[in-house]
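Report on the following structure.
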Amino acid sequence: MTTATLSAPATPVRKTREGRWAGVVLNVYLVIFFVYLFAPLLVMTLAAFNAYDYPSVTQWRGWTLKWFVELAGDQRILQGLWNSILVGVGVIVVSIPLGLAGAFILTRLQSRWTGLLYGVLVSPILTPGIILGISTLIFWRNFEVPGGLFLAMMAQATFIASYSMLMFMARLQRQDRSLEEAALDLGASSVLVFRRVTIPFLAPTIFTAAVIAFLQSIENYNTTVFAIGGNWTLVTEIGSRFRFGLSPVINVIGVIFVALTIIAATIYVILKERDRKARAAR
Amino acid sequence: MNALVRTYGRTLTGLFVFLTTAWVIGMIVIPQLFMVERSLWVRQESTQLSLQIDRLYNDISLLRFDAQAAPDIDKPAVENKISKIEEQIAELEAQEKTPQKVYTLSNYTRMSGLHFKIFVRTIIYAAMVTVLALIVCYPIAFAVAQVATPQAAAFLMLGLIVPYAINELLRVYAWLMILDYQGVLNTMLQWVGVTNLAKHEWIPFLESPGAVFVAMVYAYILFMVFPIYNTLETLDRNQLEAARDLGAPTWRIHWRVAIPHAKPGIAVGCIMTFMLSAGSYAVPQIMTRGTSGDWFSQTIYRQFFESNNWNVGAAYAFTLLIVCIVFIFLMMLVFRVGVRDIAR
């Protein structure tokens with residue numbers, strides 16, 4: 001087998017019979033995997049349009065849009081969405097400065113403590129979410145701050161700041177320091193350098209990090225559920241519906257999530273494709 | 001630090017240091033320490049105290065009874081005794097109003113048999129979820145990183161990200177509908193005659209812990225795919241070609257070339273998956289419709305919000321954290337990777 005391929009002209013991917021066989025198996029596996037990934041989402045979407053009172057696709061009672069109407073009138077869910085947005089904005093405000101500060105110190109600090117500091121600053125990512133919620137709740141209790149939107153925001157920001165920091169560090173490692181040095185040599189003050197050289201360089205990452213921080217905050221359940229107290233966000237409200245009154249309204253929320261994701265993904269692909277074409281044309 | 005001061009000046013550097021310190025101390029270290037502190041004490045139970053007080057009151061009335069019968073010479077001594085007991089009572093009653101903090105390990109050692117069983121089972125299941133996710137994800141990561149053409153790879157990545165962008169609860173929720181009594185799976189089994197829904201003859205998938213298991217693999221699968229993909233992407237295809245040309249069978253190419261290269265990614269994927277599943281509150285809650293407590297995270301939640309016993313809850317939470325930390329070090333040891341490789 002191998003001698004045949006060795007003497008064959010160099011094709012992009014040379015394959016033995018065994019290699020081809022493995023390729024077929026892999027393709028079949030890919031198809032099964034993606035069915036596994038998407039079939040549940042399809043089930044969820046279909047059930048949102050079923051007129052049956054309990055979320056189901058097997059008890060089919062005809063197509064309906066009434067669950068969409070019901071969602072639009074659901075005060076608790078709308079309030080939850082608003083709360084989620086408040087918490088998300090708070091998380092951006094807290095975690096972006098923290099992430100930036102941590103990234104600056106870690107990329108510039110030459111010390112044997114850097115490794116330890118790095119470990120501590122990324123540790124929230126590796127800590128189970130419920131523990132971040134619990135420790136925040138217990139800590140703030142000493143200052144008579146009960147669970148609520150503020151604590152949910154603080155608990156989420158603890159680990160979302162770590163994600164932001166990693167993104168900033170990746171960007172800072174590619175930074176051309178000579179620009180800052182040049183500006184300083186030409187007499188710019190350090191604040192001016194920071195504002196006119198460093199921040200513009202980081203701006204795209206700050207934007208991406210803010211978007212990701214917001215999405216992570218909206219999505220979060222395990223941390224939030226411990227820190228939210230008597231209040232609620234969209235996701236904790238969905239969580240409590242599993243206990244009290246499951247209805248296809250939840251499926252509608254799912255459908256909206258799916259639709260938004262697909263729209264965002266499509267826009268991303270189109271933009272990327274346009275970018276690629278523009279680059280090719282240049 | 002000098003490099004920072006030189007570039008950004010004292011004010012900005014001071015701000016960076018202040019923010020980082022506030023984050024490390026105020027949000028990471030101190031809250032964890034408070035949680036540990038909380039797990040190390042109990043309030044002395046007031047039921048015992050009130051029992052003691054009751055007993056002392058009994059003693060007084062007995063003494064009073066004795067005093068009536070006693071000769072006059074003994075009376076001062078008895079009165080003295082009574083007043084001493086009354087002092088003791090006043091002290092105990094003050095204590096009863098402000099229960100005492102007693103430092104003890106009993107929050108850890110008192111874990112009941114049931115809770116311990118749930119704890120052990122959670123750890124075992126989380127480890128199984130991790131292994132299963134690794135087996136399922138490795139070929140996917142390999143296919144996207146090495147086999148697919150760039151366009152196909154981009155498309156596959158998008159296919160991986162779309163379900164990942166949808167909320168964890170909703171992703172898992174779909175499985176509830178599939179595994180429900182009259183769900184998709186039972187209906188399909190009816191077609192082949194295994195179940196009969198009209199006669200309520202169905203397989204109660206949701207009652208078995210396997211339901212949580214399946215949904216959990218589904219929920220956290222992508223935390224395994226992405227780290228492995230990231231490392232495999234940097235593997236030079238020529239290495240694979242060379243191995244094949246030298247006559248290595250497919251399994252050996254993976255075992256000797258691809259997997260060693262993917263080690264850091266595998267370690268990260270395992271750590272994330274284990275941590276997420278061991279600490280998952282969402283998945284078991286949904287799959288059991290919020291009723292049963294098969295997962296340790298649910299036990300912890302109950303300690304906080306149903307039994308209102310924060311000290312025991314904190315002890316359980318800390319126990320879980322220790323297991324996760326041990327797992328991280330174990331993975332670092334097994335795959336020989338450093339902290340820097342872990343979170344990238």
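Chain A is the first sequence line, chain B the second, and so forth, proteins listed ahead of strands; every chain is numbered from 1.
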**Request:** Taking the side chain as every heavy atom from C-beta outward, state whether A:Gln216 and A:Gln156 have any pair of such atoms under 4.5 Å apart.
**Result:** no
**Request:** Can you label the angle between the A:Phe34 ring and the A:Phe38 ring as parallel, tilted or perpendicular, going by 30° and 60°?
**Result:** parallel
**Prompt:** So which of A:Ile130, A:Leu37, A:Val120 has the largest heavy-atom pair count under 4.5 angstrom toward chain B?
**Reply:** A:Leu37
**Request:** Please flag which part of B:Met275 lies under 4.5 Å from any non-hydrogen atom of chain A: side chain, backbone, both or neither.
**Result:** both
**Fill in**
Turns out that what part of A:Leu137 lies under 4.5 Å from chain B's heavy atoms comes down to both
**Request:** With a 4.5 angstrom heavy-atom cut-off, could you sort out which part of B:Leu160 is near chain A: side chain, backbone, both or neither?
**Result:** both
**Message:** Does any backbone or side-chain atom of B:Leu12 lie under 4.5 Å from a heavy atom of chain A? Answer side chain, backbone, both or neither.
**Reply:** side chain
**Message:** Counting only non-hydrogen atoms closer than 4.5 Å, does A:Leu26 touch chain B with its backbone (N, CA, C, O), its side chain (CB onward), both, or neither?
**Reply:** side chain
**Prompt:** Tell me, side chain or backbone of B:Val283 under 4.5 Å from chain A's heavy atoms, or both, or neither?
**Reply:** neither
**Prompt:** Using non-hydrogen atoms only, which part of B:Ile325 is less than 4.5 Å away from chain A: side chain, backbone, both, or neither?
**Reply:** neither
**Item:** Structural part of A:Arg177 lying under 4.5 Å from a heavy atom of chain B
**Value:** neither
**Item:** Non-neighbouring partners of B:Ile135 that pass side-chain contact (heavy atoms from CB on, under 4.5 Å), sequence neighbours left out
**Value:** B:Val131
**Prompt:** Quick check: does any side chain N or O of B:Ser297 sit under 3.5 Å from a backbone N or O of B:Ser280, one acting as donor and the other as acceptor?
**Reply:** yes
**Request:** May I ask you to check whether B:Phe223 and B:Phe274 place their ring centers less than 6.0 Å from one another?
**Result:** no
**Most contacts with chain B, counted as non-hydrogen pairs under 4.5 angstrom, among A:Leu132, A:Leu117, A:Asn251, A:Val191** = A:Asn251
**Fill in**
Whatever's closer than 4.5 Å to a heavy atom in chain A on B:Leu158 counts as side chain
**Prompt:** Judged by modelled atom types alone, do B:Asn167 and A:Tyr221 share a side-chain donor-acceptor pair under 3.5 Å?
**Reply:** no
**Prompt:** Highest number of heavy-atom pairs under 4.5 Å with chain B: which of A:Val193, A:Val57, A:Ile250?
**Reply:** A:Ile250
**Item:** For chain B, the option from A:Ala170, A:Ala155, A:Ala101 that forms the most heavy-atom pairs under 4.5 Å
**Value:** A:Ala101
**Message:** So for B:Phe305, is it side chain, backbone, both, or neither that comes closer than 4.5 Å to the heavy atoms of chain A?
**Reply:** side chain
**Prompt:** What part of A:Ser162 gets closer than 4.5 Å to chain B, counting heavy atoms only: side chain, backbone, both or neither?
**Reply:** both
**Request:** For B:Glu168 and B:Tyr220, test the side chains for any donor-to-acceptor distance below 3.5 angstrom and give the result as yes or no.
**Result:** yes
**Request:** Sort out for me which of B:Tyr218, B:Phe34, B:Phe304 touches chain A most, counting heavy-atom pairs under 4.5 Å.
**Result:** B:Tyr218
**Message:** Can you tell me which portion of B:Leu176 sits under 4.5 Å from chain A's heavy atoms? Options are side chain, backbone, both or neither.
**Reply:** side chain
**Request:** Name the region of B:Val36, side chain, backbone, both or neither, that has any atom closer than 4.5 Å to a heavy atom of chain A.
**Result:** neither
**Message:** At a 4.5 Å cut-off on heavy atoms, which part of A:Met167 comes close to chain B: side chain, backbone, both, or neither?
**Reply:** neither
**Ion pair A:Arg108/A:Glu180, N-O distance below 4.0 Å** = yes
**Asked** Among B:Leu320, B:Thr20, B:Ile30, which residue forms the greatest number of heavy-atom pairs with chain A at distances under 4.5 Å?
**Response** B:Thr20
